Amino acid sequence: MKQVIIAVVALSILTVSSCKKLEGDNQNLDVTNQSVFDLMSTKSGSWWMYGNRNDTVFIRYATGKDTTKLGLKYSFYTRRDTITTTTSPEFFGKNEGKYLTLVDLDGNETNYINYVFWYEGKTSWTNDGEYNSGTILGKVIVTISSAIVQTGLTITQNGKTYKDVYHVHSTLKAGALNIDLGTLDIWFAKNIGIIRNEADINALGLYRNKYTDSLINYYIKP
C-alpha cells in the first residue's frame, strides 16, 4: 500500500490545487473509540510472508507493541524486504468499526494519513488525504473511494485455501479536476489478515505501475 500512495502523490502535484474540504470517513476520528486491532494477530512472533509479481518477497512481523500516531493508538508491525533487508514500520488500528492503517504520503515515514481499508457494516466509504506539494500548486487533496465487492469468498493461492474472504475495491483520484490515478484491490480474512493486494496506478498516461502482493505463508503465535 505504501508504494501506491507514494506514486499517487508524485503524480498529484501535476494537477491543480483543490479547495475541497477533508470529509472522508478517515477524518475526525475519536480517540475514545479506538480499540484493539482484531483483524489479524498482534502477538509478537506472528508473521506473514508475501510474494510480488516482480519476484520480491517481504515479511510482515507483529511486534506485540502499541504506538500513538496522529493522536490514535495503533498496533505496531514491521515490514522487511527479504532481498534488500530494508525494514519499514507499519501501523494497524480499529476505531468504531473502521479498520485503519497509516499510509505514508511522501516516503519519509513522517507524513501519514489515517486510511480506512475496511468499514465494518458499511458497503462503501471514502478517505481524504492532504499533501503539500511544496510548489506553487500548494496542497492537493487525494481521495480514495472504497466499496465492498464481495464477501464469503474462498480463495486458493500458493497452495493454500482461505475461506470467508472479503474483497474491497478502491479508486484513487487527486486534485480539483478529480484526476483518475488508478485502482487498489484488497482481499482479507478475519483472524488471518491481508491475503492479497493488487494495484494498478495509471495517471494521465504519464506513469504506470502494476503490482500484486500475495500471501505465501504465515504463522499465528498461539
Side-chain angles (χ1 to χ4, degrees), residues 1-10 12 24-27 29 31 33-52 54 56-95 98-118 127-132 134 142 144 146 168 170 172 184 186-199 201 209 211-221:
M1 209 172 302
K2 178 178 179 180
Q3 299 174 49
V4 173
I5 298 301
I6 292 174
V8 167
V9 170
S12 66
D25 291 290
N26 60 333
Q27 301 298 314
L29 300 174
V31 65
N33 292 328
Q34 200 77 351
S35 55
V36 175
F37 185 69
D38 57 5
L39 185 68
M40 62 186 181
S41 176
T42 61
K43 290 185 178 180
S44 177
S46 298
W47 53 265
W48 300 259
M49 178 181 289
Y50 296 85
N52 188 285
N54 297 322
T56 61
V57 176
F58 75 87
I59 304 175
R60 173 176 292 129
Y61 296 95
T63 68
K65 299 178 181 179
D66 294 328
T67 187
T68 299
K69 289 285 187 180
L70 303 183
L72 300 173
K73 184 173 74 172
Y74 276 92
S75 297
F76 178 56
Y77 295 74
T78 59
R79 169 179 172 146
R80 183 174 66 86
D81 187 303
T82 61
I83 296 177
T84 66
T85 69
T86 301
T87 300
S88 57
E90 292 188 318
F91 309 90
F92 292 91
K94 183 181 179 182
N95 187 287
K98 301 173 183 179
Y99 285 79
L100 305 161
T101 187
L102 291 181
V103 293
D104 184 357
L105 288 179
D106 56 16
N108 294 320
E109 299 177 2
T110 57
N111 187 16
Y112 290 104
I113 65 166
N114 296 305
Y115 169 58
V116 181
F117 66 91
W118 179 41
N127 290 273
D128 285 341
E130 188 174 68
Y131 174 70
N132 191 337
V142 177
I144 307 173
S146 303
V168 175
S170 299
L172 297 86
L184 172 66
I186 302 174
W187 290 260
F188 59 88
K190 294 180 180 179
N191 302 318
I192 296 177
I194 296 172
I195 307 299
R196 184 163 76 240
N197 285 336
E198 289 187 3
I201 305 303
N209 182 25
Y211 73 84
T212 300
D213 292 329
S214 299
L215 187 62
I216 298 173
N217 201 358
Y218 68 94
Y219 173 73
I220 306 298
K221 182 75 172 179

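Bear in mind the structure is a predicted one, so any value in this text is a computation, not a measurement.
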Side chain to side chain contact (heavy atoms under 4.5 Å, CB included) between Asn33 and Lys98, worked out:
CA-CA 10 Å; Asn33 292 328; Lys98 301 173 183 179; over 6 Å; no
Can you name the nearest heavy-atom pair linking [X] to [Y], along with the distance?
X      : Y      : answer
Ser170 : Leu172 : O-CD1, 4.2 Å
Asp128 : Gly24  : OD2-N, 3.1 Å
Ser75  : Thr42  : OG-CG2, 3.5 Å
Ile194 : Phe188 : CA-CB, 3.9 Å
Ile195 : Ala189 : CG1-N, 4.0 Å
Val168 : Ser146 : CG1-CB, 4.0 Å

Could you tell me whether the side chain of [Y] reaches within less than 4.5 Å of the side chain of [X], counting heavy atoms only?
X      : Y      : value
Thr63  : Ser44  : no
Tyr115 : Ile144 : yes
Lys190 : Trp118 : yes

Taking atom [atom1] of [X] and atom [atom2] of [Y], what is their separation to the nearest 0.5 Å?
X      : Y      : atom1 : atom2 : answer
Thr101 : Lys69  : OG1   : NZ    : 12.0 Å
Tyr50  : Leu215 : OH    : CG    : 5.0 Å
Thr212 : Glu198 : OG1   : CD    : 4.0 Å
Thr87  : Ile59  : OG1   : CD1   : 10.0 Å
Asp213 : Ile216 : CG    : CD1   : 9.5 Å
Asn95  : Asp25  : CG    : CG    : 11.0 Å

Cation-pi check, Arg60 onto Tyr77 ring (under 6.0 Å, within 45° of axis)
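No.
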With side chain to side chain contact (heavy atoms under 4.5 Å, CB included) as the test, would you mind laying out the steps for Leu100 and Phe37 before giving the verdict?
CA-CA 9 Å; Leu100 305 161; Phe37 185 69; over 6 Å; no
List the steps, then state whether side chain to side chain contact (heavy atoms under 4.5 Å, CB included) holds for Met49 with Tyr219.
CA-CA 9 Å; Met49 178 181 289; Tyr219 173 73; over 6 Å; no
Residues forming a salt bridge (charged side-chain N to carboxylate O under 4.0 Å, His left out) with Asp38, sequence neighbours excluded:
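So Asp38 forms a salt bridge (charged side-chain N to carboxylate O under 4.0 Å, His left out) with Lys94.
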With no hydrogens and no angle check, is any side-chain donor or acceptor of [X] less than 3.5 Å from a backbone partner on [Y]?
X      : Y      : result
Thr86  : Asp81  : no
Asn114 : Gln27  : no
Thr67  : Tyr74  : no
Gln34  : Lys73  : yes
Asn127 : Val116 : yes
Trp48  : Ile192 : yes

Run the numbers on Phe117 and Asn197 for side chain to side chain contact (heavy atoms under 4.5 Å, CB included), then give the verdict.
CA-CA 11 Å; Phe117 66 91; Asn197 285 336; over 6 Å; no
Measure up the Tyr112 and Phe91 rings against each other and bin them: parallel (under 30°), tilted (30 to 60°), perpendicular (over 60°).
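Tyr112 and Phe91: perpendicular rings.
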